[in-house]
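For clarity, every value in this text was computed on a predicted model and none was experimentally measured.
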Amino acid sequence: MFFDDDRSNRLRPMILNDLVAQYMNDAERAAFYGLPSTCRVRERVKIISPENLTMGEHCWIGEGAALDASGGLEIGEHTSIGLNTLIFTHSSWLANMTLQNHSGSDLIERKPVKIGKGCFIGGLVVIMAGVTIGDFATVQPNSVVAKDVPPRTLVAGNPARVFQRYDEEYIQSEVERVQAENARRRALSDDPSGWGSPAGDFTE
């Protein structure tokens, strides 16, 4: 049974969009939502109010993530959002507290979320409304981010707090370490001309 009222008719196109998007690959899904061609949106991602989402180049959104852009959501270039991560830009808390949690309540509060460029947001993270995450920040899995995160920091926990700060020198040392290891793996793999990090056990 389908209702024929204003709310149902407003929601139904969004429901159909979500259904259609599940039959696409990650590049097609990103294009479907109007995101840059270099972005990838994995299966079961839900985007609320995609018209209010701004995303930079080369972003990756993991399986099952829910991006609430109703209050405005900005994600910088080369940022990854882990699987099943929840990003909120609205809250119904006051509507619940005052028993006014009805459709169209004017006690719904919306605040934008901004996530900088080059960020790594782990899986199962919760980001609350109004939070700004600085450039090159890392949020460890299962964290709850309720306050702003400074640039070039690693945060973890509930509530998330800073555990590490890193500079460009540290990042460059990590780049050299990982590239050397991947070169070793490629040399030992069946396809030494390949790219990236070959999968498999390369323990010597």
Side-chain angles (χ1 to χ4, degrees), residues 21 25-43 45-90 110-179 182 195-197:
N25 66 36
D26 52 5
E28 294 167 340
R29 199 172 293 113
F32 180 76
Y33 286 119
L35 303 175
S37 61
T38 56
C39 291
R40 299 292 180 265
V41 177
R42 300 292 293 165
E43 295 82 6
V45 169
K46 183 174 182 63
I47 302 177
I48 300 169
S49 302
E51 67 276 10
N52 297 324
L53 171 62
T54 301
M55 188 178 294
E57 300 279 349
H58 300 284
C59 289
W60 184 88
I61 311 299
E63 290 85 346
L67 311 183
D68 165 23
S70 65
L73 175 57
E74 180 180 328
I75 300 174
E77 61 180 330
H78 293 271
T79 285
S80 291
I81 308 294
L83 72 169
N84 296 319
T85 282
L86 308 177
I87 301 176
F88 293 103
T89 62
H90 85 281
R110 302 187 194 279
K111 296 179 181 179
V113 167
K114 295 182 179 181
I115 301 174
K117 64 183 179 182
C119 292
F120 181 88
I121 312 299
L124 298 166
V125 166
V126 177
I127 299 174
M128 304 302 291
V131 163
T132 294
I133 297 176
D135 295 343
F136 306 108
T138 298
V139 180
Q140 292 284 63
N142 293 299
S143 298
V144 176
V145 183
K147 295 182 179 179
D148 291 354
V149 175
R152 294 190 180 277
T153 58
L154 181 149
V155 301
N158 180 8
R161 61 187 181 89
V162 175
F163 280 84
Q164 182 182 1
R165 299 179 187 272
Y166 39 84
D167 55 21
E168 290 191 29
E169 182 179 355
Y170 171 78
I171 295 300
Q172 186 56 39
S173 68
E174 288 295 285
V175 167
E176 293 171 2
R177 179 184 65 81
V178 172
Q179 286 183 334
N182 285 335
W195 59 276
S197 177

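- Separation of atoms NE2 (His58) and SG (Cys39) is listed at 8.0 Å; rounding is to 0.5 Å.
- Here the closest heavy-atom approach between residue Gln140 and residue Val125 is recorded as O-CG2, 3.4 Å.
- Checking side-chain atoms of Ser70 against main-chain N and O of Ser49 turns up no donor-acceptor pair under 3.5 Å.
- The minimum heavy-atom distance between Lys117 and Asp135, with the atom names listed, is N-OD1, 3.0 Å.
- Within the 3.5 Å criterion, the main-chain N or O of Val41 finds a donor-acceptor partner in the side chain of Arg29.
- For the atom pair Glu77 CD and Cys59 SG, the distance stands at 8.0 Å (nearest 0.5 Å).
- The two residues Ala65 and Gly82 come nearest to each other via the heavy atoms CB-O, 4.0 Å.
- In this structure, the side chain of Ser37 does not engage the main chain of Ala31 through any donor-acceptor pair within 3.5 Å.
- Using a distance-only test at 3.5 Å, with no hydrogens or angles considered, no donor-acceptor pair links the side chain of Tyr33 to the main chain of Ala21.
- A donor-acceptor contact shorter than 3.5 Å is absent between the side chain of Thr153 and the backbone of Gln164.
- With hydrogens and angles disregarded, no donor-acceptor distance shorter than 3.5 Å links the side chain of Thr138 to the backbone of Leu154.
- Side-chain atoms of Pro112 and Glu74, non-hydrogen and from C-beta on, never get closer than 4.5 Å to each other.
- Put simply, the side chain of Glu168 reaches to within 4.5 Å of the side chain of Arg152, judged on heavy atoms.
- Using modelled atom types, one side-chain atom of Thr79 and one backbone atom of Gly118 make a donor-acceptor pair closer than 3.5 Å.
- A donor-acceptor pair under 3.5 Å is absent between the side-chain atoms of Ser197 and the main chain of Asn182, judged by distance alone.
- Atom CZ of Phe163 is surrounded by more than 12 heavy atoms from other residues, nucleotides or ligands within 6.0 Å.
- For the side chain to side chain contact (heavy atoms under 4.5 Å, CB included) with Ile127, the qualifying choice from Val113, Val144, Val139 is Val113, the only one to do so.
- Ile87 CD1 to Leu53 CG: the interatomic distance, rounded to the nearest 0.5 Å, is 9.0 Å.
- Scanning all heavy atoms of the two residues, the minimum distance from Gly62 to Val45 falls at O-CG2, 3.2 Å.
- By the 6.0 Å contact criterion, CD on Glu169 is open, its count of non-hydrogen atoms from other residues, nucleotides or ligands being 12 or less.
- Looking at every heavy atom in both residues, Ile61 comes nearest to Ile81 through CD1-CG1, 3.5 Å.
- Val162 places a side-chain heavy atom less than 4.5 Å from the side chain of Pro150.
- To the nearest 0.5 Å, atom CD of residue Gln172 and atom CG of residue Asp167 are 11.0 Å apart.
- Note: Thr38 OG1 to Met55 CE = 10.0 Å, rounded to the nearest 0.5 Å.
- The shortest distance between side-chain heavy atoms of Thr89 and Ile48 does not fall below 4.5 Å.
- We find the CD-CG distance between Glu43 and Asn25 to be 9.0 Å, quoted to the nearest 0.5 Å.
- Of all heavy-atom pairs spanning Tyr166 and Phe136, the tightest one is OH-O, 2.7 Å.
- Here the side chains of Arg42 and Leu83 are not in contact, with every heavy-atom distance at 4.5 Å or above.
- The only member of Ile133, Val149, Ile75 that meets side chain to side chain contact (heavy atoms under 4.5 Å, CB included) when paired with Cys119 is Ile133.
- Surrounding CZ of Phe32 are more than 12 heavy atoms belonging to other residues, nucleotides or ligands, all under 6.0 Å away.
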